[in-house]
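For reference, the structure discussed in these notes is given below.
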Amino acid sequence: MRPPAQVGDLATVLAGPVDVAARALLGCRVAVGDVEVRLTEVEAYAGVGADPASHAHRGRTPRNAPMFGPPGQLYVYFGYGMHWCGNVVTGPPGQAAAVLLRAGEIVAGHGAVRRRRGLRVPDRDLARGPARLMAALGLDGTANGTSVLDGTGPLSLTPSPVPIPAGAVRTGPRVGVGAASHTPWRFWLAGEPTVSAYRRAAPRPRGGRTGAPNVSG
DNA sequence: GATGCGATTCACT
DNA sequence: GTGAATCGCATCG
């Protein structure tokens with residue numbers, strides 16, 4: 001077993017395998033302006049031809065172009081006609097792997113976040129879910145393609161101030177992904193209330209099977 | 001050139 | 001627990 005990577009190696013880790021990078025991102029902090037969030041849940045997506053669930057699976061397109069860039073770059077996409085979701089590109093340039101930032105805990109800037117997300121929203125829901133996380137940070141498509149490492153972009157990624165025990169990391173199927181649901185590339189921190197609940201991919205109208213037992217707990 | 005669907009969220013029952 | 005809202009992108013003709 002190799003010891004957990006240290007924080008200074010963040011750029012190095014992001015340049016490596018996407019699942020390793022995803023795990024390393026747990027506990028890291030993402031900051032935009034005065035708002036700071038501790039990541040508690042992420043998902044890994046591989047690149048061309050390697051992962052049917054990845055936006056880059058079928059090759060380079062105008063939308064997923066940032067995924068083909070260097071690691072540490074932000075890939076922001078617009079989904080369902082109303083939500084922005086953010087990824088951090090990993091692996092060598094051209095591989096098009098990325099880590100989806102799914103959820104986090106607000107550690108600074110509560111006021112600004114709550115103002116944006118709503119005064120009646122419980123703390124743990126402020127950044128629970130990929131679109132909510134982006135909304136909490138105040139990010140949208142303008143952040144697409146910017147770096148999270150060199151400070152040139154709106155979002156800055158910094159290592160976890162404390163080491164994350166290997167036992168604190170849980171894995172499971174990715175949320176809302178039909179393809180490759182057997183791949184346990186969702187990573188989250190055990191016991192964190194800010195982690196989103198597991199939801200199966202959108203139900204398909206065809207087929208007679210109902211109520212199939214699924215992953216739980 | 002037209003159509004289908006998505007790495008989701010919110011409101012309502 | 002279920003359904004609706006809504007835009008761009010990718011695919012097919």
Side-chain angles (χ1 to χ4, degrees), chain A residues 18-19 21-23 25-26 30 39-68 73-91 95-104 106 113-114 116-145 171-188 194-207 209-216:
Chain A
V18 65
D19 54 326
R23 182 199 161 286
L25 283 177
L26 290 175
V30 290
L39 294 177
T40 57
E41 181 185 5
V42 298
E43 280 178 3
Y45 288 88
V48 179
D51 183 3
S54 173
H55 283 180
H57 177 236
R58 290 194 172 269
R60 191 178 188 271
T61 68
R63 178 172 69 154
N64 64 28
M67 292 182 74
F68 289 78
Q73 193 167 305
L74 214 50
Y75 164 49
V76 181
Y77 74 93
F78 193 57
Y80 290 90
M82 57 187 103
H83 299 304
W84 293 102
C85 297
N87 303 253
V88 175
V89 176
T90 72
Q95 190 177 51
V99 177
L100 171 68
L101 308 180
R102 282 201 60 88
I106 312 295
V113 173
R114 190 165 287 188
R116 281 198 282 253
R117 295 244 46 236
L119 297 175
R120 309 180 70 173
V121 178
D123 274 7
R124 67 180 211 172
D125 285 347
L126 289 175
R128 186 168 74 148
R132 290 167 170 175
L133 175 58
M134 292 296 280
L137 292 172
L139 292 182
D140 57 17
T142 59
N144 194 30
T171 66
R174 290 171 291 188
V175 177
V177 175
S181 59
H182 54 84
T183 306
W185 271 7
R186 173 179 175 233
F187 302 85
W188 69 95
T194 54
V195 174
S196 64
Y198 176 76
R199 278 172 108 185
R200 232 190 147 194
R204 291 180 176 177
R206 65 184 68 177
R209 299 196 49 179
T210 59
N214 297 316
V215 180
S216 65

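All chains are named by letter (A, B, ...) in the order of the sequence lines, taking the proteins before the strands, and each is independently numbered beginning at 1.
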Query raised in the report: Rounded to the Å, how far apart are A:Leu101 CG and B:dA7 P?
Result: 16 Å

Report summary line: A:Arg116 meets the side chain to side chain contact (heavy atoms under 4.5 Å, CB included) criterion, sequence neighbours left out, with A:Val35

Requested in this report: Find the distance A:Tyr77:OH to C:dT6:P and express it as a whole number of Å.
Outcome: 19 Å

Query raised in the report: Can you tell me how far P of B:dT8 sits from CD of A:Glu41, to the nearest Å?
Result: 10 Å

Query raised in the report: In dot-bracket notation, what is the pairing pattern of DNA chain B, taking Watson-Crick (N1-N3 plus N6-O4 or O6-N4) and G-U wobble (N1-O2 and O6-N3) contacts under 3.5 Å, with [ ] crossing and | for other strands?
Result: ||||||.|||||.

Query raised in the report: Nearest heavy-atom pair of A:Leu100 and A:Pro130: which atoms, and what distance?
Result: CD1-CB, 4.2 Å

Protein-nucleotides 10-13 of chain B N/O pairs closer than 3.5 Å?
| unit_1 | atom_1 | unit_2 | atom_2 | d |
| --- | --- | --- | --- | --- |
| B:dC10 | OP1 | A:Arg117 | NH2 | 2.6 |
| B:dC10 | OP2 | A:Arg132 | NE | 2.8 |
| B:dC10 | OP2 | A:Arg132 | NH2 | 2.5 |

Query - Pairwise salt bridge (charged side-chain N to carboxylate O under 4.0 Å, His left out) hits with a residue in residues 50-68 of chain A, at least two apart - result: A:Asp51-A:Arg174

Query raised in the report: Counting only N and O atoms by type, is there a donor-acceptor contact under 3.5 Å from the side chain of A:Asn87 to the main-chain atoms of A:Leu101?
Result: no

Report task. Not counting sequence neighbours, list each pair that qualifies as a salt bridge (charged side-chain N to carboxylate O under 4.0 Å, His left out) and has a residue in residues 125-135 of chain A. Result -> A:Asp125-A:Arg128

Query raised in the report: Can you name the side chain to side chain donor-acceptor pair (under 3.5 Å) partners of A:Thr171, sequence neighbours left out?
Result: none

Report task. Using whole Å, report how far CH2 of A:Trp84 lies from C1' of C:dT6. Result -> 13 Å

Report task. Could you check whether A:Ala131 gets within reach of a base, just the sugar-phosphate, or nothing at all, counting any heavy atom under 4.0 Å? Result -> sugar-phosphate

Query - Nearest-Å distance for atom pair CG/P, residues A:Asn144 and C:dG8 - result: 14 Å

Report task. Locate the shortest heavy-atom distance separating A:Ala103 from A:Leu133; write the atom from each residue and the value. Result -> N-CD2, 4.1 Å

Report task. Using the salt bridge (charged side-chain N to carboxylate O under 4.0 Å, His left out) rule, collect all pairs that involve residues 177-187 of chain A, keeping only residues at least two apart or in two chains. Result -> A:Glu41-A:Arg186

Requested in this report: Specify the separation, in whole Å, of atom OH of A:Tyr45 and atom C1' of B:dA7.
Outcome: 4 Å

Query raised in the report: Under a 4.5 Å cut-off applied to non-hydrogen side-chain atoms, are A:Tyr45 and A:Val177 in contact?
Result: yes

Requested in this report: Could you work out which one of C:dC7, B:dT9, B:dA7 sits closest to the side chain of A:Pro130?
Outcome: B:dT9

**Report entry** Residue pair A:Leu26, A:Thr40: steps toward the side chain to side chain contact (heavy atoms under 4.5 Å, CB included) verdict
**Finding:** CA-CA 6 Å; A:Leu26 290 175; A:Thr40 57; 5.6 Å; no

**Report entry** B:dG6 pyrimidine/purine six-ring stacking with A:Tyr80, under 5.5 Å and 30°
**Finding:** yes

Dump every N/O contact between nucleotides 2-4 of chain B and the protein below 3.5 Å, one line per pair.
none

**Report entry** Length of the line joining A:His55:NE2 and C:dC7:C1', which is rounded to integer Å
**Finding:** 14 Å

Query - All side chain to side chain contact (heavy atoms under 4.5 Å, CB included) counterparts of A:Phe78, not counting sequence neighbours - result: A:Trp84

Query raised in the report: Looking at residues at least two apart in the chain, or sitting in another chain, which of them share a side chain to side chain contact (heavy atoms under 4.5 Å, CB included) with A:His83?
Result: A:Tyr80, A:Ala131

Measure all distances between protein nitrogen or oxygen atoms and nitrogen or oxygen atoms of nucleotides 11-13 of chain C, and list the pairs falling under 3.5 Å.
| unit_1 | atom_1 | unit_2 | atom_2 | d |
| --- | --- | --- | --- | --- |
| C:dT11 | OP1 | A:Arg58 | NE | 3.2 |

Requested in this report: Starting from P on C:dT6, measure out to CE on A:Met82 and report it in whole angstrom.
Outcome: 7 Å

Report task. Could you list the residues that satisfy side chain to side chain contact (heavy atoms under 4.5 Å, CB included) with A:Asp19, not counting sequence neighbours? Result -> A:Pro17, A:Trp185, A:Phe187

Report task. Supply the atom-to-atom distance A:Ser196 OG to A:Arg124 CZ, rounded to the nearest 0.5 angstrom. Result -> 11.0 Å

**Report entry** Any A:Arg102 side-chain nitrogen or oxygen under 4.0 Å from OP1 or OP2 of B:dT8
**Finding:** yes

